Protein chains: 2
Amino acid sequence: MEKVDVFDLIERMSALIRSEERKKCTELGLQPVHLQVMDYLSRCNRYSDTPAALTNYLGMTRGTVSQTLLLLEKKGYIKKTADVNDRRMVHLSLLVDGDTILNKARPTDLYSQASTIFNENESQENVFVNALTALQKANKSQSFGLCKTCKYFTITSDGFVCGLTKERLSQIDSEKICQEHTVS
Amino acid sequence: MEKVDVFDLIERMSALIRSEERKKCTELGLQPVHLQVMDYLSRCNRYSDTPAALTNYLGMTRGTVSQTLLLLEKKGYIKKTADVNDRRMVHLSLLVDGDTILNKARPTDLYSQASTIFNENESQENVFVNALTALQKANKSQSFGLCKTCKYFTITSDGFVCGLTKERLSQIDSEKICQEHTVS
DNA sequence: TCAATTAAGTATCGAATCGATATTGATAAC
DNA sequence: GTTATCAATATCGATTCGATACTTAATTGA
């Protein structure tokens, strides 16, 4: 077992996961990437709900993400809203239909398989998190962590505040994924 | 960090690896999957050099693999040979040009990144191997291990023998990937 | 013996993805 | 102001991949 084969292992795992996901998705008339997008939108904050952030998160090209979003919009699962300050930007949000189908798709056999794989010990999860972080660093990609674990996350007498945007953050905000997430 | 997100982590790692590989590949006029195929062919034994085994190894569909092989054949990188016993089967082999381009593509930045990720301790690699094995088991896919680590691998006074096919195995055979690989 | 079944591989079509280019809006320089 | 530059996104052609149907060959089982 040589070190260099780890990439090969990851790619093969991904292929297996995808083919398994595809089975579930075809019943709903979707592709795996569509669920990934909607799952992300359900878990990201207002700084990270743009096509650009999605592109970065998924590691795909802008063109591909744009096409995916068009399809999801046409199906009535997501909505695009122009930014009021910067009209180049688009904010994405999950519509009710999208949320419904996402919840229908989520609890699958995949999850029971996952627990089978990772029932031994907790530290195994960290290996995957660390590996992804290292890859993102090598790729100059953001880490996409939870808001409340960011170094700019600040607790004041007034509540939570983002040290980057200086804006106030609700409890719910702090639990979401942020593309600007920074560690240490 | 919930357990169920591990699949998401793996898919995102794979996406990053692919986009990185793609950069190297486009220079050579190839796709990531083409290198995967040729790499596999350079490392598999005579029981595992068929389109069906490749399909299983890569987790793709037969049709997709067939297309990929057609292209590689047209480019003169691989060769197809009909099986003498079972004329449904095709054996694949890497041609000189294929081997050349494979070696040109192999030593990339990816490998130095890999060592960065896994320089801490050896046991991390096992986490990935175990995860893939668990997924393959859930997917009823073969494990594709090295011949000499298979439970049917036998050492006789005459040399190495495969307990399944009863055929003799050379030193080189024993170092290759076999689709019939069985553990314990 | 011969029809049914299974397996390996191929062909075709549509959807998904990539890469390049174009478009639009914001920002900076002059 | 006007122009240059950059950033965010959209558009388009080419390619890849998956689903399905099909061909050919081996196997099974009355």
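Being a predicted model, the structure only gives us computed values, none of them experimental.
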Regarding [X], tell me which of base, sugar-phosphate or nothing describes its non-hydrogen contacts under 4.0 Å with the strands shown.
X       : answer
A/Lys80 : sugar-phosphate
A/Val65 : nothing
B/Asn85 : sugar-phosphate

Map B/Gly63 and B/Leu71 onto DNA chain D by nearest heavy atom, then report which one ends up closer to the 5' terminus. B/Leu71
Quick check for you: among [options], whose closest atom lies nearest to any side-chain atom of [X]?
X       : options                : result
A/Ala52 : D/dT9, D/dA25, D/dT16  : D/dT9
A/Arg87 : D/dA19, D/dA26, C/dA26 : C/dA26
A/Thr68 : D/dA26, C/dT17, C/dC18 : C/dT17
A/Val90 : D/dT9, D/dC17, D/dC12  : D/dT9
B/Arg18 : D/dA7, D/dC17, D/dA26  : D/dC17
A/Arg62 : C/dC18, C/dA8, C/dT21  : C/dT21
A/Val33 : D/dC17, D/dA26, C/dT17 : C/dT17
A/His34 : C/dG9, D/dG18, C/dA16  : C/dA16
B/Arg88 : C/dA7, C/dG9, D/dG18   : C/dA7
B/Leu70 : D/dT16, C/dA26, C/dA11 : C/dA11

Flag this pair as yes if the NZ/CZ of A/Arg168 is under 6.0 angstrom from the six-membered ring centre of A/Phe160 and inside a 45 degree cone about the axis; otherwise no. no
d([atom1], [X]; [atom2], [N]) in whole Å:
X       : N      : atom1 : atom2 : result
B/Asp83 : C/dG9  : CG    : C1'   : 13 Å
A/His91 : C/dG25 : NE2   : C1'   : 14 Å
B/Glu21 : C/dG19 : CD    : P     : 13 Å
B/Arg22 : C/dT17 : CZ    : C1'   : 7 Å
A/Leu30 : D/dA19 : CG    : P     : 14 Å
B/Gln67 : C/dT12 : CD    : C1'   : 9 Å
B/Met60 : D/dT20 : CE    : C1'   : 18 Å
B/Leu72 : D/dC17 : CG    : P     : 11 Å

If you go through the side-chain atoms of B/Ser66, does one of them form a donor-acceptor pair with the base of C/dG9 closer than 3.5 Å? no
Mark yes or no for whether [X], through its side chain, and [Y], through its backbone, hold a donor-acceptor pair below 3.5 Å.
X        : Y       : result
B/His91  : B/Asp49 : no
B/Ser14  : A/Glu11 : no
A/Asn103 : A/Asp99 : yes

So does B/Thr61 get a side-chain nitrogen or oxygen closer than 4.0 Å to the phosphate oxygens (OP1/OP2) of D/dA19? no
Among A/Lys148, A/Arg46, A/Arg43, find the residue that satisfies the salt bridge (charged side-chain N to carboxylate O under 4.0 Å, His left out) test when tested with A/Asp173. A/Arg46
No-hydrogen, no-angle side-chain donor-acceptor test under 3.5 Å, B/Asn45 and B/Ser48: yes
